[in-house]
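What follows is a short report on a single structure.
Positions are given from 1, in the same order as the sequence printed here.
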Amino acid sequence: MTVGIVSTGIYMPQRKMTATEIAARSMIPEHIIRHKLGIHEKPIPDEQDHTVQMGIWAAQEAIQKAGIEPKTIDVVMYIGEEHKEYPLWTASIKMQEELGAVNAWAFDVQLRCGTTIMALKLAKSLMESDDSIHIVLLAGGYRNVDFIDYRNPRTRFMYNLGAGGGAIVLQKNYNRNHLLEADIMTDGSFSEDVVIPVGGTKKPLTPEDLANNLYQLDVLDPVGMKERLEQKSLNNFLKVIRTSLAKSGLREEHISYLAMLHMKRSAHAYILSELGLKEKQSIYLQDYGHIGQIDQILSLQLALEQKRIVDGDIITLVSAGIGYVWGAITIRWG
């Protein structure tokens with residue numbers, strides 16, 4: 001049995017925030033925003049760009065490109081963020097309704113910016129274990145940019161957060177673009193380093209919290225986190241990529257294209273160098289910033305549009321997310 005990617009879909013808000021605007025808000029020189037943080041501009045949500053709605057728009061594109069009827073979808077999996085139209089709301093069921101996937105069942109999954117990799121692994125396992133599942137739709141949106149305070153230097157590494165939606169249609173025994181093996185690792189020693197400190201059961205939100213911007217993302221121990229995470233994170237990126245390839249019977253020299261999340265420019269270059277890859281074998285998302293778990297879908301779709309991927313290529317998608325999680329999955333394209 002095989003599982004193949006039939007199509008992808010992307011939705012990008014038309015509204016943008018430029019490096020100039022980020023520099024003005026953060027008081028960081030624009031050349032640092034552009035050349036070190038690697039942000040030229042990024043999409044941010046407009047009034048209509050709600051989280052789940054962006055995922056629905058991306059899913060509609062993916063379904064249209066796949067040439068399938070929504071009623072043939074067996075499972076709808078929401079892979080977007082928990083910050084969405086309503087709290088305590090199962091987004092996948094709303095997506096199922098809006099898309100007309102009347103014969104599907106639906107559920108939400110979440111692993112922060114590692115969600116897409118995890119969901120691809122999970123979808124493949126579902127298809128392998130259940131004879132009734134043939135087509136799975138993964139879709140979701142992201143707008144955690146809403147939680148960034150550009151006056152807080154502790155969250156500087158998250159100034160790249162943007163907004164958008166992404167979707168993937170998967171089919172059992174599809175004769176192209178086969179999912180191979182994934183590798184995922186988590187490290188709970190970082191689990192409370194990046195949080196929104198109010199609004200949960202530990203500290204319910206108050207008017208004073210709102211007035212003091214405490215409802216936004218923060219880093220509780222910025223010095224300690226930087227010391228513990230910096231080199232470990234890069235090593236873990238490489239580890240999950242190499243392990244995904246090894247599980248798939250491949251090695252790093254087989255990679256044709258690496259779909260990588262947005263990170264600071266030097267880290268992106270380091271990963272490529274360590275894997276012996278050229279700059280053209282990945283796309284640096286300087287005009288998009290970091291759209292969470294949508295980055296891998298975006299990078300893959302951009303690479304296809306730019307004809308950087310051809311039949312027979314080995315593609316690896318790699319992600320990391322606060323918590324902390326690192327994940328990679330390999331695909332044999334064509």
Side-chain angles (χ1 to χ4, degrees), residues 1-9 62 65-66 74-75 77 79 109 111 113-131 133-139 166-186 235-261 271-272 274-278 280-283 293-304 307-321 325-334:
M1 196 216 75
T2 59
V3 174
I5 294 176
V6 182
S7 64
T8 62
K65 286 163 64 177
D74 299 302
V75 175
M77 198 183 302
I79 60 171
V109 293
L111 195 57
C113 302
T115 307
T116 294
I117 305 297
M118 178 268 286
L120 287 166
K121 176 178 173 64
L122 178 58
K124 184 181 178 188
S125 297
L126 279 174
M127 290 183 176
E128 288 173 340
S129 63
D130 190 330
D131 291 340
I133 299 175
H134 299 277
I135 297 177
V136 176
L137 170 69
L138 313 182
I168 302 176
V169 174
L170 300 170
Q171 185 172 324
K172 183 185 291 186
N173 293 328
Y174 188 61
N175 63 358
R176 296 178 58 81
N177 315 329
H178 293 157
L179 298 184
L180 300 181
E181 299 303 320
D183 189 58
I184 297 170
M185 61 185 296
T186 55
N235 289 339
N236 288 347
F237 269 113
L238 294 167
K239 181 179 184 297
V240 294
I241 291 167
R242 288 167 172 153
T243 305
S244 169
L245 288 162
K247 287 179 177 179
S248 304
L250 299 163
R251 299 183 302 277
E252 58 198 72
E253 56 264 34
H254 291 120
I255 298 177
S256 301
Y257 182 80
L258 185 66
M260 194 166 15
L261 75 164
I271 297 293
L272 293 182
E274 287 296 300
L275 295 171
L277 297 175
K278 298 180 176 64
K280 66 181 181 181
Q281 291 177 278
S282 188
I283 293 175
Q293 51 269 49
I294 308 303
D295 280 10
Q296 291 76 39
I297 307 172
L298 173 62
S299 182
L300 178 60
Q301 183 158 313
L302 289 173
L304 290 167
K307 303 192 186 307
R308 298 197 191 198
I309 296 173
V310 298
D311 283 2
D313 279 353
I314 297 299
I315 315 302
T316 298
L317 317 185
V318 63
S319 68
V325 55
W326 297 264
I329 191 166
T330 298
I331 304 160
R332 188 182 301 279
W333 201 259

To the nearest 0.5 angstrom, please state how far the [atom1] atom of [X] sits from the [atom2] atom of [Y].
X	Y	atom1	atom2	answer
Met185	Asn236	CE	CG	3.5 Å
Leu250	Glu181	CG	CD	10.5 Å
Lys172	Thr2	NZ	OG1	10.0 Å
Ile329	Met118	CD1	CE	11.5 Å
Leu275	Gln281	CG	CD	9.5 Å
Leu120	Ile168	CG	CD1	4.5 Å

**Asked** Looking at residues at least two apart in the chain, or sitting in another chain, which of them share a side-chain hydrogen bond (donor to acceptor under 3.5 Å, both in side chains) with Glu252?
**Response** Arg242
Does some side-chain heavy atom of [Y] sit less than 4.5 Å from a side-chain heavy atom of [X]?
X	Y	value
Thr330	His254	no
Lys278	Leu272	no
Tyr174	Ile5	no
Asn173	Met1	yes
Ile314	Trp333	no
Ile283	Leu298	no
Leu261	Phe237	yes
Ile271	Ile241	yes

Where do [X] and [Y] come nearest, in terms of heavy atoms and distance?
X	Y	answer
Lys124	Leu180	NZ-O, 2.8 Å
Ala259	Ser299	CA-OG, 3.5 Å
Ile117	Val318	CD1-N, 4.3 Å
Ala139	Ala167	CB-CB, 3.8 Å
Val109	Thr115	O-CG2, 3.7 Å
Cys113	Ser319	O-CB, 3.5 Å

**Request:** Give a yes or no on whether the backbone of Leu238 and the side-chain of Glu274 come within a donor-acceptor separation of less than 3.5 Å.
**Result:** no
**Message:** Strictly distance-based, threshold 3.5 Å: is any side-chain N or O of Thr8 a donor or acceptor partner for the main-chain N or O of Ile297?
**Reply:** no
**Worked verdict on Leu245 versus Arg251 for side-chain contact (heavy atoms from CB on, under 4.5 Å)** = CA-CA 6 Å; Leu245 288 162; Arg251 299 183 302 277; 6.0 Å; no
**Prompt:** Between Val136 and Leu126, is a side-chain contact (heavy atoms from CB on, under 4.5 Å) present by the stated rule, with each step listed?
**Reply:** CA-CA 9 Å; Val136 176; Leu126 279 174; 5.6 Å; no
**Prompt:** Is the closest basic N to carboxylate O distance between Arg308 and Asp313 below 4.0 Å?
**Reply:** no
**Lys247: partners by salt bridge (Lys or Arg N to Asp or Glu O under 4.0 Å), with sequence neighbours left out** = Asp183
**CA sep, side-chain torsions, deciding dist, call: Val169, Lys65, side-chain contact (heavy atoms from CB on, under 4.5 Å)** = CA-CA 9 Å; Val169 174; Lys65 286 163 64 177; over 6 Å; no
**Message:** Against His134, only a single residue in Val3, Asp74, Leu170, Val75 fulfils side-chain contact (heavy atoms from CB on, under 4.5 Å); can you say which?
**Reply:** Asp74
